[in-house]
Trainee: 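Quick one: the structure is below, questions incoming.
Being a predicted model, the structure only gives us computed values, none of them experimental. As the structure lists them, so they are numbered: ligands from 1, and atoms in each ligand from 1.
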Amino acid sequence: WGVGWRRARMSDKKKNILVLFDVDGTLTDPRLPIREDMLQMLEQLREVVWTGMVGGSDLPKQQEQIGMDVLDRFDFCFPENGLQAFKMGEKLASQSLVGYLGEKKLQEFINFCLHYIADLDIPIKRGTFIEFRNGMLNVSPIGRNCSQKEREDFYEYDKEANIRKTFVEALQARFVDWNLKFSIGGQISFDVFPVGWDKTYCLNHVREYGFSEIHFFGDKTFEGGNDFEIYESPETIGHSVSSPADTLRVVSELFLSN
Ligand code: M1P
């Protein structure tokens, strides 16, 4: 599917509707490759509406799950919640945490975290206390290269000790006007990213097209889940699904039944 094919698709008569999909748990089973029946559904759907995918992981991870031709399978692809963006396979502007904060503020934040961790009195510490990712920092008081057993022990310990919760409160107080969001989602760490850099970020790339409806399909649509904000957004019509099979069912009912 080359550039010419994509240009042809641009001029197709499709409904002025965009249908966006989360990846893990919605298009695929968590961390697994997409199934053939889902690929077929996406191809049919693309004949009648505009399609897109938005996921938290980066493009190489999405290529592993959806295929190396993932950019050709949707009209819009949004790795990293849209910090990276592709329209008809062509790259749009990208954004990064260092671009947003600048090196000086980023270091101020990192230095505060490292001092804070140095002063922590916890049962064990290992290495990689801060992991720098394109769109976020992941901060871990025990360190990300702890063993699986140490990870599980820390998780249990932190339920009582609230090390991460107290750390986040200190950061919120110190960086109160920095427009940052803190998310304690896993076992040993928390994520730090600018407010709005959840999946709603990708909507910035599609407003200019004036879609009459933007549908979003996701499985973690509950509060605290990473689909919550875009599912609840007044700009989207949200669909909460329980599995890829459920996605197939609802999409077929809504868009492919006649
Ligand atoms: O998906 C939830 C979190 O999973 C990991 O957290 P942890 O290593 O603490 O279990 C990290 O990938 C984190 O970024 C993510 O939010």
Trainee: Take the angle between the ring planes of F175 and F112 and call it parallel below 30°, perpendicular above 60°, tilted in between.
Mentor: perpendicular

Trainee: Would you confirm whether any non-hydrogen atom of the protein falls under 4.0 Å from atom 1 (O) of ligand 1?
Mentor: no

Trainee: Is the distance between the ring centroids of H205 and F78 less than 6.0 Å?
Mentor: yes

Trainee: Aromatic contact between Y209 and W50, with the criterion being ring centroids under 6.0 Å apart: yes or no?
Mentor: no

Trainee: What's the spacing between F182 CZ and L171 CG if we round to 0.5 Å?
Mentor: 5.0 Å

Trainee: Any idea which atoms of ligand 1 are less than 4.0 Å away from a heavy-atom of R151?
Mentor: 7 (P), 8 (O), 10 (O)

Trainee: With a cut-off of 4.0 Å, which atoms of ligand 1 are near a heavy atom of D191?
Mentor: 13 (C), 14 (O), 15 (C), 16 (O)

Trainee: So which protein heavy atom does atom 4 (O) of ligand 1 come closest to, and at what separation?
Mentor: G186 CA, 4.2 Å

Trainee: Under 4.0 Å, heavy-atom basis, I'd like to know which part of R133 is in contact with ligand 1: side chain, backbone, both or neither.
Mentor: side chain

Trainee: Does an N or O anywhere in I188 fall below 3.5 Å from an N or O of ligand 1?
Mentor: yes

Trainee: Rounded to the nearest 0.5 Å, how far does CZ of F132 lie from OG of S96?
Mentor: 6.5 Å

Trainee: Near R144, which atoms of ligand 1 are under 4.0 Å from a heavy atom of that residue?
Mentor: 8 (O)

Trainee: Where does the angle between the aromatic ring planes of F21 and F217 fall among parallel (under 30°), tilted (30 to 60°) and perpendicular (over 60°)?
Mentor: parallel

Trainee: Using heavy-atom distances only, which candidate in S140, G56, S189 approaches atom 7 (P) of ligand 1 most closely?
Mentor: S189

